[in-house]
Amino acid sequence: MANEIYPVSWWGSPVKNGWGSIYYDYAETLSPTVSQYRQRVLDDGGIIEAIECVESNLNL
Amino acid sequence: MAIPSLAMIPSGYKDGKVYSVLPSNGDGDFTFSRGSSATRVNKDGLIEVLAFDIPRLDYSDGSCPSLLLEGQSTNLLPYSNEFTNAAWSKSSTGINTSVGTNGINENIAISPDGTQNADRVNFNLQSDLDSGMFDIFAASQNNTYSTSVYLKGEGSNIGKKVSIRVKRSSGGAFTSVDTDYTLTNEWVRLEIYPLTLPSGATNGIIAFSSSEATSCLIYGAQIEEQSHSTSYIPTNGAVATRLADECNSAGNASTFNDSEGVLMVETSALANDGTFRTIAINGTPTNVNEDRIQIYFRTDANIINFGMESGDSAQFFLQFPLDVKSNNKLALKYSASSCSFWINGFEVGEELNKVMPTGLSRLDFNLQNGGDNFYGKTKQVQYFNTALTDIEIEELSSWSSFLEMAEGQQYKIK
């Protein structure tokens, strides 16, 4: 398609520390333990915040 | 590094519960209660009101939140954010009453809660600290009162001073705390040195004036009968009370090892307020004998304490100097042959050949009997059911990078 931006830029491809970081989905890179924790909280009707802090503090 | 058998890093919560990351079956989740609403600074840096029994993950100290636990407190100013109200008297000597509503432009700016509800106070420049905008609050002799308020400058008033006087209203010897604050272009919560009313004094007065700034933005005034200011308690026509947070009952007998283990916490005290505040692995509440491992603040200022009790017999209660209002990583290792104590990666003490407690079954932000509630900001709690090696504890209780240490201790890097 003419003027397609995706193949020639980072548009739509946010990275953890850098371009588009505010759109970065931390859930994509969580360890199994933290990912399981996140899912347990959500399944129980809880709220998850700052999940990246869990990953950085737990030395798994 | 061993895997903790219980790990709570503030990130998951709901009504009545603080989730622990480990164990994965939920046995390590904390029961939480607070019988009133309360405020926090949310991840966007804005003040947010949370309902009854909702734990507060507070971001005022950085991008990773703390679990904020506070005691009960009352805002004694009935109109904390309605400065047009007649409860706030305006002296035409110190207030330019020809502007706005008797000197106040109501809801003129975006406040620290993110809505347009901050007022502007317009001053007549003069140096009498009693002639400005003031309110009288209920107070009693010999009690101590702490004041906080959000202020912000605009335009040419940035860099100029506003004066705040807190004093006794009548009776007793004249006593006041006078503070000059230089306005900036950002909202700043000004926490004023506490005032203790002298014998014979009745009630108190808070007064705002300026000899330099023609105006300032103002939000969220608060006076509490405390030795320190606590989180903002909004009022709207009457004094309001935030009830105490309680957080406890994580884990069970299978979580904890009576013979050996490590308790690690990363936390800070809210104040040196002369009270006991404990994080403990406790025995069962019905056990008449006290068995526990604890890390706690007590009456002495800037002292951290490590303790162990076995069958009502004190094994050790040790004290170490520490700036307790800073964020610190603390660890206690216990085993029959050796107990050791760690602060920010350094071993600070050791006790040999102690009797181990029995029946350890719950991690609480208080003592076994429900006393000594812990009030502070906690960034993590981890428990290991084996005695880690010194190298492992050093790593666990150290900062992993210069940046983490700087952020954890709230240094400003220039």
Side-chain angles (χ1 to χ4, degrees), chain A, chain B residues 1-4 6-29 32 40 42-44 48 50 54-59 61-67 264 266 329 378-382 384 388 392 395-401 403-404 407-408:
Chain A
M1 181 182 291
N3 301 318
E4 173 62 74
I5 192 173
Y6 296 97
V8 295
S9 77
W10 287 356
W11 193 263
S13 301
V15 297
K16 184 176 180 179
N17 296 304
W19 191 90
S21 58
I22 64 169
Y23 301 108
Y24 185 76
D25 184 359
Y26 280 90
E28 290 181 358
T29 58
L30 297 179
S31 67
T33 298
V34 178
S35 182
Q36 183 182 6
Y37 161 69
R38 175 178 178 273
Q39 196 59 50
R40 179 172 73 85
V41 173
L42 296 175
D43 288 348
D44 192 43
I47 296 169
I48 281 285
E49 295 182 6
I51 194 72
E52 67 277 14
C53 299
V54 178
E55 198 71 58
S56 62
N57 276 308
L58 268 185
N59 193 358
L60 298 176
Chain B
M1 172 67 83
I3 295 175
L6 190 152
M8 190 283 289
I9 298 165
S11 53
Y13 64 95
K14 75 170 190 179
D15 185 336
K17 183 186 282 190
V18 176
Y19 293 90
S20 290
V21 183
L22 292 171
S24 58
N25 64 4
D27 283 349
D29 296 344
F32 179 86
R40 68 159 176 173
N42 67 19
K43 60 180 179 295
D44 297 319
E48 178 183 7
L50 297 180
I54 302 292
R56 289 180 289 169
L57 271 54
D58 186 271
Y59 291 75
D61 292 339
S63 56
C64 286
S66 303
L67 176 64
M264 178 270 188
E266 181 182 352
K329 293 187 175 184
T378 302
K379 287 185 175 290
Q380 58 174 317
V381 178
Q382 296 193 45
F384 299 80
L388 304 179
E392 287 176 316
E395 180 183 351
L396 179 68
S397 61
S398 294
W399 308 104
S400 61
S401 67
L403 183 61
E404 189 204 5
E407 289 182 347

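Since the model is a prediction, treat every value here as computed from it, not as a measurement. Each chain gets a letter, A, B and so on, in the order the sequences are listed, and its residues count up from 1.
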Asker: Quick one: which of B:P10, B:S11, B:P65 has the most heavy-atom pairs under 4.5 Å with chain A, could you say?
Answerer: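 Sorted descending by pairs with chain A, the first entry is B:S11.
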
Asker: The test is side chain to side chain contact (heavy atoms under 4.5 Å, CB included); show your working for B:E266 and B:Q382 and say whether it passes.
Answerer: CA-CA 9 Å; B:E266 181 182 352; B:Q382 296 193 45; over 6 Å; no

Asker: Side chain to side chain contact (heavy atoms under 4.5 Å, CB included) between B:D15 and B:I54: does it pass, once the steps are laid out?
Answerer: CA-CA 5 Å; B:D15 185 336; B:I54 302 292; 3.9 Å; yes

Asker: Chain A heavy atoms under 4.5 Å from B:P55: which part of the residue, side chain, backbone, both or neither?
Answerer: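 Contact with chain A involves no heavy atom of B:P55 at all.
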
Asker: With a 4.5 angstrom heavy-atom cut-off, is it the side chain or the backbone of B:D29 that approaches chain A, or both, or neither?
Answerer: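 It is the side chain, since no backbone atom gets that close.
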
Asker: CD/A:Q39 to CG/A:D44 distance, rounded to the nearest 0.5 angstrom?
Answerer: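 Answer for the CD-CG pair, A:Q39 versus A:D44, is 11.5 Å.
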
Asker: Quick one: pull up CG in B:L57 and CD1 in B:I9 and give me the separation to the nearest 0.5 Å.
Answerer: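 The distance works out to 11.5 Å.
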
Asker: Measuring heavy-atom distances to chain B, does A:Q36 have an atom under 4.5 Å in its side chain, in its backbone, in both, or in neither?
Answerer: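 The answer is the side chain of A:Q36.
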
